[in-house]
Amino acid sequence: TASDSTNNSDVALVIPLFGVESKNKCLDGWFSSYNGGGMNGTSKMMDFLEEPLPGVGTYEDFNTIDWVREKSRDRDRHREITSRSKESTWALIHSVSDAFSGWLLMLLIGLLAGSLAGLIDISAHWMTDLKEGVCLAGFWFNHEHCCWKSNITFTDRDKCPEWKSWSQLMIGHGEGAFAYILNYFMYVIWALLFSLLAVLLVKGFAPYACGSGIPEIKTILSGFIIRGYLGKWTLIIKTITLVLAVSSGLSLGKEGPLVHVACCCGNILCHLFTKYRKNEAKRREVLSAAAAAGVSVAFGAPIGGVLFSLEEVSYYFPLKTLWRSFFAALVAAFTLRSINPFGNSRLVLFYVEFHMPWHLLELIPFILLGIFGGLWGAFFIRSNIAWCRRRKTTKLGKYPVLEVFVVTAITAILAFPNEYTRMSTSELISELFNDCGILDSSKLCEYVNDFNSTKGDDLPDRAAGQGVYTAMWQLALALIMKVFITIFTFGMKVPSGLFIPSMAVGAIAGRLLGVGMEQLAFYHHDWVIFSGWCSQGADCITPGLYAMVGAAACLGGVTRMTVSLVVIMFELTGGLEYIVPLMAAAMTSKWVADAIGREGIYDAHIRLNGYPFLEAKEEFSHKTLAMDVMRPRRNDPPLTVITQDSMTVEDVEAIINETTYSGYPVVVSRESQRLVGFVLRRDLIISIENARKKQDGIVSTSIIYFTDHSPPLPPSSPSMLKLRSILDLSPFTVTDQTPMEIVVDIFRKLGLRQCLVTHNGKLLGIITKKDVLKHIAQLANQDPDSILFN
């Protein structure tokens, strides 16, 4: 990142840093070649940092930002612009444009995220159909669009002459065993081709484009820096490979990765505005809004997107970000609606509308679906994390291409014979949510019809026909396949979302239960549970509603979302009257899943990867003190410090070369250990290197001082180097007797990188964010060394 040109006063506003060991070991050797030669006799003193240097105040990769310092910088910048705006018209225009830049940025993010989502939807729909055949009227049409112009009856809408299956193209007919085998073969070949292309692109060009991206975005929004994770290459490759991965028929969705895509858009567009480019905290406010836009286009749910960002991914979410997220989500949804990717004026494939009210007694099966969702969520998280840990710790992780090949082959071979697994998961959910009408030709709607009792559009509960029974066992097989294959698919080296597979599992379970309830009500309408509200010939049970509630329950069980989940679901379905069933299922699934394991899938992956993420939702209930956690411990070497006016350039360079810490406390003297401030390793390196190049007389024996006035020295000594402006004069300190629950709270609420520990005013030690995380892990009987970026 570029330097911050606004911080041009002598008084540094810097606050704590991660006293963690720097990951970048290559820095250690930078200055080993400097010698003591140079110009002697010049006793003039310069604070060459009056004007800030490029790089000072920025962060290394895999470090944590300092929220307090970044917010302080932004307040200073804002104060300066406001005071200048009264001086001239040009300054006033600059002030107005600065205030407006945030809204303009949201507009651009919404437009770009909506456009990319539309492109992904259209491409994935076309390529999914390509596995089964091609359109003769134009190869760029998918199956549905191909048949729009055809003069065929509604019941034969899938058999238009313009659409040819691969067997019809190659051998002239689509019936018989050989045609079936040929279509089967082509389906598997296309699936393998798409998935191999996806994994090779990810491996070759953007390794960060794999997975769903939400665990990493949560970590980045909490203040961690992963350079390149939201870069332009990641955006390009993720967009292309997401289409390929979804089209391959793997058990994954595009909804989670769309959040990553939207955040990449946000990060790239931040570079157009100085205020966001140079301030990491401001940039994270933009990324929170971008995440909302991502969910908005993924589900066509703008309000659900804002709530998802607030509930699930954001670490710091001020009111201003709430309004901007709302605007970004609105623009993104409007853009996608303008593109109309599905040709039905809807933002998602599985939009449905139910008109029948539900009865209070139906809450019992809805709660049962909630219990199923919670059990499935807990089972999935444990199994998936165990598999991902095996992938990390064994040779399996060295062969990502082979793993994708094998999983795709198994998925495609098992999926083709069953029409419910052969179709794309979004289409499956759409079919399961659908409420059967008179014209529906789906197997799920093959009831025994008695049209004498039809009242308007509403069909009464009817006896299930042969098609429904066939569909039931096919769905049961599809459920078993989805439950197990998703465990091995999520976490592979291709873009993979979890929302759609989880919803599919729940929707299948819900539809099975819904049809069961419907048949029970039809054959036993005189039972106590049905009497009074379900008379013979009435339309009592809506199986599609059960599928919707089941989808919400399973998604809640896996992600532990509650409020945002319910809002997303009713925005999806346009059914406000079904909020209570959805709330009952979402809460039940969360309670059941929490009883088995506290973590949602994203938090579990954050812990598995060792990201330094301090969970704000968990309570710290142990009675330890700051002195128990701080470093150095009893038998460790003393704390590495820099004195304020008695160390030479050579001494400081030796400390930098010998240690890998990200910053050092500055004290009055080694004897007194009275704290003056804190200085960052990166700022020291850049400042010393720059001083050697640009300031006369700076040699290895030059004294570095951090005070206002230079220390008295003999006239023959070399030039001194004043580095007061890179010193943080207000580092956060606690005493050694401070309870750790207060320290943990300070780290969470202020977003600190480290805090210094004192005793009677003297410096004792340091606690970094990593120390806090290791301490929490140790108290939870986990391996403390797992808190390392992996």
Side-chain angles (χ1 to χ4, degrees), residues 7-17 19 30-31 34-53 56-57 638-659 661-731 733 756 758-766:
N7 192 7
N8 54 8
S9 62
D10 242 358
V11 183
L13 292 151
V14 203
I15 293 197
L17 148 238
W30 273 18
F31 299 110
Y34 286 140
N35 56 39
M39 297 171 65
N40 288 325
T42 3
S43 58
K44 58 178 179 174
M45 295 164 302
M46 294 169 69
D47 182 4
F48 76 102
L49 281 171
E50 286 289 349
E51 285 301 314
L53 289 172
V56 166
L639 187 67
T640 307
V641 294
I642 294 173
T643 55
Q644 67 174 357
D645 57 6
S646 59
M647 290 178 81
T648 62
V649 170
E650 192 174 32
D651 296 335
V652 173
E653 283 176 350
I655 285 176
I656 289 169
N657 289 334
E658 286 162 15
T659 62
Y661 305 125
S662 296
Y664 307 94
V666 177
V667 294
V668 173
S669 66
R670 289 191 186 282
E671 294 73 38
S672 78
Q673 288 288 315
R674 274 175 48 221
L675 183 65
V676 176
F678 196 86
V679 66
L680 307 191
R681 171 200 184 88
R682 181 181 173 86
D683 291 357
L684 273 175
I685 290 171
I686 293 168
S687 306
I688 293 172
E689 182 186 22
N690 205 65
R692 282 187 182 271
K693 286 178 187 170
K694 296 185 179 174
Q695 188 177 339
D696 295 340
I698 296 297
V699 292
S700 292
T701 51
S702 298
I703 295 286
I704 290 179
Y705 68 100
F706 294 92
T707 51
D708 269 331
H709 306 291
S710 60
L713 285 174
S716 59
S717 57
S719 294
M720 288 183 281
L721 177 57
K722 182 179 181 182
L723 293 182
R724 186 174 177 80
S725 63
I726 65 166
L727 178 67
D728 169 17
L729 289 164
S730 55
T733 58
L756 300 171
T758 59
H759 176 73
N760 294 343
K762 291 186 176 181
L763 180 66
L764 259 194
I766 186 170

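We number each residue from 1, following the sequence as shown.
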*asked:* Less than 4.5 Å apart, side chain to side chain, heavy atoms only: is that true for Thr643 and Val668?
replied: no
*Determine yes or no for a side-chain-to-main-chain donor-acceptor pair under 3.5 angstrom, with Arg681 supplying the side chain and Ser662 the backbone.*
no
_Could you measure the distance from the OG1 atom of Thr707 to the NZ atom of Lys722? Nearest 0.5 Å is fine._
7.5 Å
_Interatomic spacing from CG in Leu721 to CG in Leu723 - rounded to 0.5 Å_ = 4.0 Å
*Determine yes or no for a side-chain-to-main-chain donor-acceptor pair under 3.5 angstrom, with Asp651 supplying the side chain and Met647 the backbone.*
no
*Min side-chain heavy-atom separation Asp645-Phe706 under 4.5 Å*: no
*Check step by step if side-chain hydrogen bond (donor to acceptor under 3.5 Å, both in side chains) holds for Ser646 and Tyr705.*
CA-CA 7 Å; Ser646 59; Tyr705 68 100; over 6 Å; no
*Roughly how far apart are Ser669 OG and Gln644 CD, rounded to 0.5 Å?*
8.0 Å
_Strictly distance-based, threshold 3.5 Å: is any side-chain N or O of Thr648 a donor or acceptor partner for the main-chain N or O of Ser702?_
no
*Closest heavy-atom contact between Pro665 and Thr640?*
CD-O, 3.4 Å
_CZ on Phe678 to CG on Leu727, rounded to 0.5 Å_ = 10.5 Å
*Side chains of Tyr664 and Ile655 in contact at under 4.5 Å (non-hydrogen atoms)*: yes
*Check: Thr701 and Val649 side chains under 4.5 Å, non-hydrogen atoms*: no
*Check whether any side-chain N or O of Asp683 sits under 3.5 Å from a backbone N or O of Leu680 as a donor-acceptor pair, and report yes or no.*
no
_CZ-CD1 distance between Arg692 and Ile698, expressed to the nearest 0.5 angstrom_ = 8.5 Å
*Heavy atoms, side chains only, cut-off 4.5 Å: are Leu675 and Pro731 in contact?*
yes
*asked:* Main chain of Arg670, side chain of Gln673: is a donor-acceptor contact present, judged purely on distance under 3.5 Å?
replied: yes
_Please find the pair of heavy atoms, one from Met720 and one from Ser710, that lie closest to each other, and give the distance._
CE-CB, 3.6 Å
*Distance from Leu763 atom CG to Leu639 atom CG, nearest 0.5 Å?*
5.5 Å
*asked:* Tell me whether Lys694 is salt-bridged to Glu689, with the criterion being a basic N under 4.0 Å from an acidic carboxylate O.
replied: no
